[in-house]
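See structure below.
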There are 2 protein chains.
Amino acid sequence: MLIHEQMITSNNGRLDGIRLLTKIGKLYYEHHLTQQEIADDLCISRAKVSRLLHEARDENIVNITVTSPPGVHADLERHLETRFGLREAVVVEEDHWSSQDAVTRAIGIAAAQYLRRTLQDEDVIDISWGRTLSSMVDALTPRAAPESHIVQLIGGLGPPEAEVHATDLARRMASAIGCKLTLLPAPGIVDSQKAKQIMLSDQHVKRAFEMMPQLDVAYVGIGAPTPDSVVMQNGVVSCGQREALAALGAVGDIALRFFDAGGQPIVSEFNERVLGIALEQLKRVKRVVGLSGGPEKRHVVRAALKGGLISVLITDYRTACSVLNSN
Amino acid sequence: MLIHEQMITSNNGRLDGIRLLTKIGKLYYEHHLTQQEIADDLCISRAKVSRLLHEARDENIVNITVTSPPGVHADLERHLETRFGLREAVVVEEDHWSSQDAVTRAIGIAAAQYLRRTLQDEDVIDISWGRTLSSMVDALTPRAAPESHIVQLIGGLGPPEAEVHATDLARRMASAIGCKLTLLPAPGIVDSQKAKQIMLSDQHVKRAFEMMPQLDVAYVGIGAPTPDSVVMQNGVVSCGQREALAALGAVGDIALRFFDAGGQPIVSEFNERVLGIALEQLKRVKRVVGLSGGPEKRHVVRAALKGGLISVLITDYRTACSVLNSN
DNA sequence: TTCATGAATGAGCATTTGTTCAACCCTGAA
DNA sequence: TTCAGGGTTGAACAAATGCTCATTCATGAA
């Protein structure tokens, strides 16, 4: 304090503009005086100090820089956020592009951290299924939020013995968070419209569907119908169906709801037989967190973004670049 | 295996913290959101945003520097320009001679402003590496020049995990400018001539080298082989090598190409193992912007000027004086 | 398991900062 | 001289920020 006063009196008299800006900048940003203190010292009004500081920043006399350490892609994230109106984008640095598995794991970890960071008690959380979501649940470090509520948003998949997948995911997640749980005890896809009606009349199924309008957050995987995806492997979607969907323009799905390159729902017979949240309903959810990455996902991710299907994207560096570059 | 996975997880965990700090820093200081807005977007409390911002400043992820604007030392700049036949000299006012860091940052900021001022679309820009260049990239305010092209002019440095440095710099720069990018996917220095030949036959490496004759501008750091330089710290150059080079008269390097007090290239076994642009090639580039400053750089800056290795110099006041005074 | 300890969290409050607005000052023209 | 117009000024208010403190949470020892 005394030091500054001395400094100031030593060159009292007139400080030309730049000198004054520099001085104020240093006092404020380096010596951490308040604007009031500076004003008193220099005998000017506090409002003026505020204005001069603003000027100093404008004139680049005060420079503020934010560094992106290696592996952090804040600017890419920002691009994604503004370009697609996302609430948040998370871009992870994949270890080895070659391994889809590594990418999936990295995204899962990032998603788990995202969940941990954003989880609020009394959230109603929806969860679909897939390898990436499974990675996320694996990476979850327990955190209590007993008033939260996990809802399974699509029925089980494939033959009954594989059905654990969707259900198990929701269960493991609920147990990690220590919260309430509503399962959707039904197959994700049924054989006919009639079968769907019957399923829907089940009281437990009804309850799950009734939760959907109350959702706060949904965690969904963004899938591409490649031959080795879980959907295809489990025979949930047959080869023929896949081709039929492709013919209709489908580039991928969220919770078995297929959409085209513009992110618009595909209307099809298949769609009618799915037991789960619809894309229109999903869009109404406040926060939809989409997880996806790896070489095969570029186009789907882009489509989902275009269609505004998700509000938070967690993906890898290469996919992020590719999505931004392709027009 | 387990250890490895854990490593990745914990590494990622730390990264996420840094990621958050960076993100919040950018949102607050570059995009001027309020803490409340940031808190809402990221689903965390405002108090936490405030604390994280404080942390980001402490951790130097957010840097605030106060400097006099350029043009203050116009006379010095003119002297340098005429005496050494420079196209332009930029002299910045450093705050405290004692802190190499502050000097480096100030030069980085000036360089970023220079880049912004001179950048033309369709430029082919080359970039080496080092702390000063890193500061420059940090200070770059995004500006679109989509037809420009960044080329990495020397391979990655040090052990693979540190290799990000050179590559990351080029990447960040390209992303700030929003332009094309050619990386040089190889180590900056290899063990033997034979290894170099092998590397050179790689198609990506070839492509990077083929860009070099087309360069419009090169941004290079001018390095001094002091024990605490990045080169030495990363073990790129061993202690013995350094002494051997010194014995041959080396006073410093540009992109690992060492030269003597007269700015003449040092012929050595070391030189043969470097994967990057040669000094002779560099001289043919229309505009070579050299960044360097701080007490240890005086002699090397002078040498580079004498040898006509650079056509634009960005440095600090003290170094500029010292270079002009010593005959 | 249970408990203790120290760190992390967010609500609420006090301080600090940005901005508005009416008054004032300068400058040049009539 | 007056007057008009733009630009500055600081008082007062509104907004944003930092900080305190009670509470919760995680971690490690018993």
Side-chain angles (χ1 to χ4, degrees), chain A residues 1 4 14-21 23-59 61-64 66 109 112-123 139-148 173-180 216-217, chain B residues 6 9-10 12-21 23-59 61-64 66:
Chain A
M1 188 47 154
H4 305 313
R14 57 212 184 289
L15 296 160
D16 62 84
I18 287 172
R19 278 195 63 118
L20 180 61
L21 293 182
K23 175 162 302 255
I24 290 181
K26 287 192 182 182
L27 290 176
Y28 189 72
Y29 286 107
E30 290 178 359
H31 300 283
H32 304 287
L33 305 203
T34 68
Q35 297 185 0
Q36 187 63 63
E37 288 172 306
I38 296 172
D40 293 346
D41 284 357
L42 302 185
C43 299
I44 49 184
S45 75
R46 195 191 54 73
K48 186 157 195 184
V49 174
S50 174
R51 282 192 277 257
L52 288 173
L53 276 172
H54 194 83
E55 195 183 337
R57 288 187 298 262
D58 281 351
E59 301 286 336
I61 287 168
V62 170
N63 278 281
I64 303 183
V66 183
I109 290 168
Q113 283 160 353
Y114 175 85
L115 174 71
R116 197 187 157 74
R117 189 184 86 211
T118 57
L119 178 62
Q120 290 170 13
D121 213 354
E122 307 191 11
D123 269 354
L140 268 182
T141 50
R143 163 154 187 220
E147 292 310 315
S148 294
M173 181 143 163
S175 109
I177 298 178
C179 68
K180 291 176 278 184
D216 295 301
V217 204
Chain B
Q6 199 144 31
T9 318
S10 71
N12 255 326
R14 254 246 292 314
L15 244 188
D16 190 65
I18 293 174
R19 215 187 64 77
L20 240 197
L21 293 184
K23 187 158 200 156
I24 291 179
K26 291 217 175 211
L27 289 174
Y28 189 74
Y29 286 107
E30 288 181 0
H31 301 285
H32 305 290
L33 304 202
T34 67
Q35 297 186 359
Q36 187 62 63
E37 288 172 307
I38 296 172
D40 292 345
D41 279 0
L42 304 189
C43 303
I44 50 186
S45 73
R46 195 190 56 73
K48 187 159 192 184
V49 174
S50 175
R51 282 193 278 255
L52 288 173
L53 276 171
H54 195 84
E55 196 183 337
R57 289 187 297 262
D58 283 351
E59 301 283 338
I61 286 172
V62 169
N63 269 299
I64 304 184
V66 184

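None of the values given here were measured: they were computed from a predicted structure. Each chain gets a letter, A, B and so on, in the order the sequences are listed, and its residues count up from 1.
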Quiz item: Between B/Gln36 (CD) and D/dA14 (P), how many Å, whole number?
Solution: 19 Å
Quiz prompt | A/Arg57 side-chain proximity, nearest of C/dG18, D/dA26, C/dT17 | solution = C/dG18
Practice problem: Specify the separation, in whole Å, of atom CG of B/Leu53 and atom P of C/dT17. | Solution: 15 Å
Exercise. Can you sort out the partners of A/Ala174 under side-chain contact (heavy atoms from CB on, under 4.5 Å), two or more places apart, ordered by chain and number?
Key: A/Ile150, A/Cys179, A/Leu181
Quiz item: Whole-Å distance between D/dG18 P and A/Leu33 CG?
Solution: 16 Å
Quiz item: Hey, what do you get for CD (A/Glu55) to CG (A/Leu21), rounding to the nearest 0.5 Å?
Solution: 5.0 Å
Quiz item: Excluding sequence neighbours, so at least two apart, what forms side chain to side chain donor-acceptor pair (under 3.5 Å) with B/Gln36?
Solution: B/Asp40
Quiz prompt | Residues that B/Tyr29 engages under side chain to side chain donor-acceptor pair (under 3.5 Å), provided they are two or more places apart | solution = B/Arg57
Report, one line per pair, each donor and acceptor closer than 3.5 Å where one atom sits in a side chain of residues 42-51 of chain B; sequence neighbours left out.
| from | atom 1 | to | atom 2 | distance (Å) |
| --- | --- | --- | --- | --- |
| B/Ser45 | OG | B/Lys48 | N | 3.3 |

Quiz item: Nearest of C/dT16, D/dA16, D/dG18 to any side-chain atom of B/Gln35?
Solution: D/dG18
Quiz item: Between B/Ser50 and D/dT17, does any side-chain N or O lie under 4.0 Å from OP1 or OP2?
Solution: no
Exercise. Figure out the CG/P separation between B/Asp40 and D/dA16, and round it to whole Å.
Key: 11 Å
Quiz item: Taking CD from A/Glu55 and P from D/dG7, how many angstroms apart are they, rounded to a whole number?
Solution: 14 Å
Self-check item: Interatomic distance where NE2 belongs to B/His32 and C1' belongs to D/dA16 [whole Å]
Solution: 15 Å
Quiz item: What residues, two or more places apart in sequence or in another chain, satisfy side chain to side chain donor-acceptor pair (under 3.5 Å) together with A/Tyr28?
Solution: none
Self-check item: Separation of atom NE2 in B/His54 from atom P in D/dA16, rounded to whole Å
Solution: 22 Å
Would you tabulate the nitrogen or oxygen pairs shorter than 3.5 Å linking the protein to nucleotides 8-11 of chain C?
| from | atom 1 | to | atom 2 | distance (Å) |
| --- | --- | --- | --- | --- |
| C/dT9 | OP1 | B/Lys48 | NZ | 2.8 |
| C/dG10 | OP2 | B/Ser45 | OG | 2.9 |
| C/dG10 | N7 | B/Arg51 | NH2 | 2.6 |

Pairs under 3.5 angstrom, nitrogen or oxygen only, protein versus nucleotides 13-15 of chain C, please.
none

Quiz item: C/dT17 C1' sits how many Å from A/Tyr28 OH, rounded?
Solution: 7 Å
Quiz item: Does atom NE2 of A/His54 have more than 12 heavy-atom neighbours from other groups under 6.0 Å away?
Solution: no
Practice problem: Give, for atom CD1 of A/Ile177 and atom CZ of A/Arg116, the distance between the pair rounded to the nearest 0.5 Å. | Solution: 10.5 Å
Quiz item: Sequence neighbours excluded, which residues qualify as side chain to side chain donor-acceptor pair (under 3.5 Å) partners of A/Thr118?
Solution: none
